[in-house]
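All ligand and atom numbering here is 1-based and tracks the order in the structure.
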Amino acid sequence: MEFKVTPWDVEGVVDYERLIEQFGTSPLTEELIEKTAKLTGGELPIFFRRRFFFSHRDYDKVLADYESGRGFFLYTGRGPSGPMHIGHIIPFYATKWLQEKFNVNLYIQITDDEKFLFKEKLTLEETKRWAYENILDIIAVGFDPDKTFIFQNSEFTKIYEMALPIAKKINFSMAKAVFGFNEQSKIGMIFYPAIQAAPTFFEKKRCLIPAAIDQDPYWRLQRDFAESLGYYKAAALHSKFFPPLTGLEGKMSASKPETAVYLTDDPEEAGKKIWKFALTGGRATAKEQREKGGEPEKCVVFKWFEIFFEPDDEKLMERYRACKSGELLCGQCKRELIERVQKFLKEHQERRKKAEKLVDNFKYTGELAREQWDKAIPEALKD
Ligand code: TYM
């Protein structure tokens, strides 16, 4: 079956092996995973162990730079078009783990400009408001405030100056080929890729970008001209997509509420949504399921456990076995997932509440933030 992956849309059942070929990226090999474990002291997080991150560009070179003492920095982002869902937060957890283990700077771009330009119905006021809301969710993940700079494009306008040399390197036919722009595309949309590429040049070190693979077209483009501007080609770690509640096709999407659990959902409501919409690999009747067993390969509930909600490998295997043998029925399994999701949401929401007081640390007053703002303000305007 055909599938499609762009920065704006994912359709069909994604064949990740084929996507590696289509996008021209490299598989994240056992060897690289082991090397990561060795350099970071052993225990790998669930996203690496279960191969949710499955592909990369130049991650081997990033690790070599770390070993040689040259170092690297991290960059990731969020387009604030609405509330964030559970899928969006996973690249941020992976980023936090990398920041902690390698002790490196991290830049988080909040693209209120992008979402205003690309979403017909959203006003700039709305994307700015979502930027604030999303920043709270991101801070709740727990980054180091002195090594993390969260910036909003409409506010950190220095980004424009940094995008200029990039915008001079990309012609319309390149942008068309990569992003599918046409004569009807707004001119703001056509300029935007230069803005998303700009943070890859924040430091004269290699930039590693953890994100789902939908964002890769930006890095592919950046890699065409980075060296000609005296910088490194962007390196990336690509994740798969957290599946929608409703099936294993496409991705969890914030604009389709029945597919998503939002980080701000009331835990009770989230539980009801999972109960109602989560597709399982169950049989038509309990009797049939006891006889034939369930089909975890087709089950969204099992996938959610596998990706995020069951970190214990042995317990996951036991769940698989119990499902296959018909011992574990879907109702029970769903109830167990709901408990895990509700616990996660409650804890996240407590941290999110505390984040309200931390926003300035990440945007203006943390060490890295201050450094960036200092550089951004022209000498003439200082004091
Ligand atoms: P956005 O807001 O669409 O997505 C934010 C991050 O979440 C990833 N993602 C997912 N991951 C797992 N499962 C899903 N279902 C899922 N949907 C989205 C995205 O890949 C991304 O990592 N243009 C960007 C904002 C941006 C950015 C960046 C993202 C600017 N600079 C650098 C990553 C890296 C956007 O709209 O992301």
Please confirm whether K363 makes a cation-pi placement over F149, using NZ or CZ under 6.0 Å from the six-membered ring centre and within 45° of the ring normal.
-> no
Sub-3.5 Å N/O-N/O distance, F241 and ligand 1 = no
Output yes when the distance from some N or O of ligand 1 to some N or O of Y75 is under 3.5 Å, and no in every other case.
-> yes
Exercise: do E258 and T246 side chains pair donor with acceptor under 3.5 Å = no
Any salt bridge between R206 and D65, counting N to O under 4.0 Å?
-> yes
Does the N or O separation between F242 and ligand 1 drop below 3.5 Å for any pair?
-> yes
Per-residue contact class, Q196 against ligand 1 - non-hydrogen pairs under 4.0 Å | side chain
Polar-atom distance check: P91 versus ligand 1, any N or O pair below 3.5 Å?
-> no
For residues 265-304, pull every pair meeting ring-ring contact (aromatic ring centres under 6.0 Å, His included), keeping only residues two or more places apart or in separate chains.
-> F242-W304, F302-Y320
Going by the atom numbers of ligand 1, which of them fall below 4.0 Å from some non-hydrogen atom of T111?
-> 25 (C), 30 (C)
Nearest protein heavy-atom contact for atom 22 (O) of ligand 1: which residue, which atom, what distance?
-> A211 CB, 3.3 Å
Hey, is ligand 1 close enough to T76 that some N/O pair sits below 3.5 Å?
-> no
Do E126 and K115 meet the salt-bridge criterion of a basic N to acidic O distance under 4.0 Å?
-> no
Which residue and non-hydrogen atom of the protein lie closest to atom 29 (C) of ligand 1, and at what distance in Å?
-> G77 O, 3.4 Å
Tell me, please, whether Y16 has K240 positioned over its six-membered ring: NZ or CZ under 6.0 Å from the ring centre and within 45 degrees of its axis?
-> yes
Decide if atom CE of M317 counts as having more than 12 heavy atoms of other residues, nucleotides or ligands within a radius under 6.0 Å.
-> no
Close approach, M84 and ligand 1, non-hydrogen under 4.0 angstrom | no
Side-chain donor-acceptor pair present, S228, K169, cut-off under 3.5 Å = yes
Any chance the side chains of Q215 and Q196 put a donor and an acceptor closer than 3.5 Å?
-> yes
Answer yes or no: does an N/O atom from Q109 fall short of 3.5 Å to an N/O atom of ligand 1?
-> yes
Proximal atoms of ligand 1 relative to D214 (non-hydrogen, under 4.0 Å) = 19 (C), 20 (O)
Ion pair present between R283 and E291, side-chain N to carboxylate O less than 4.0 angstrom?
-> no
More than 12 foreign heavy atoms under 6.0 Å from CD of E318: is that the case here?
-> yes
So, N171 versus S173: side-chain donor-acceptor pair below 3.5 Å or not?
-> yes
Heavy atom of the protein closest to atom 4 (O) of ligand 1 (residue, atom name, distance) | H88 CD2, 3.6 Å
Return a yes/no value for F52: is any of its N or O atoms, backbone included, closer than 3.5 angstrom to an N or O of ligand 1?
-> no
Of F202, Y107, Y232, the one forming a ring-ring contact (aromatic ring centres under 6.0 Å, His included) with F73 is Y107
How far is atom 12 (C) of ligand 1 from its nearest protein heavy atom, and which residue and atom is that?
-> G87 O, 3.2 Å
At a 4.0 Å threshold, what atoms of ligand 1 neighbour a non-hydrogen atom of I209?
-> 34 (C)
Can an N or O of H85 be found at a distance shorter than 3.5 Å from an N or O of ligand 1?
-> no
Say whether W219, considering both its backbone and side-chain N or O atoms, lies within less than 3.5 Å of an N or O atom on ligand 1.
-> no
Can you tell me the protein heavy atom closest to atom 37 (O) of ligand 1 and the distance?
-> G79 N, 3.6 Å
Atom indices of ligand 1 within 4.0 angstrom of K115 heavy atoms, with elements = 36 (O)
For ligand 1, does Q215 get within less than 4.0 Å through its side chain, its backbone, both, or neither, judged by non-hydrogen atoms?
-> side chain
Within-cut-off N or O pair, S239 and ligand 1, under 3.5 Å | no
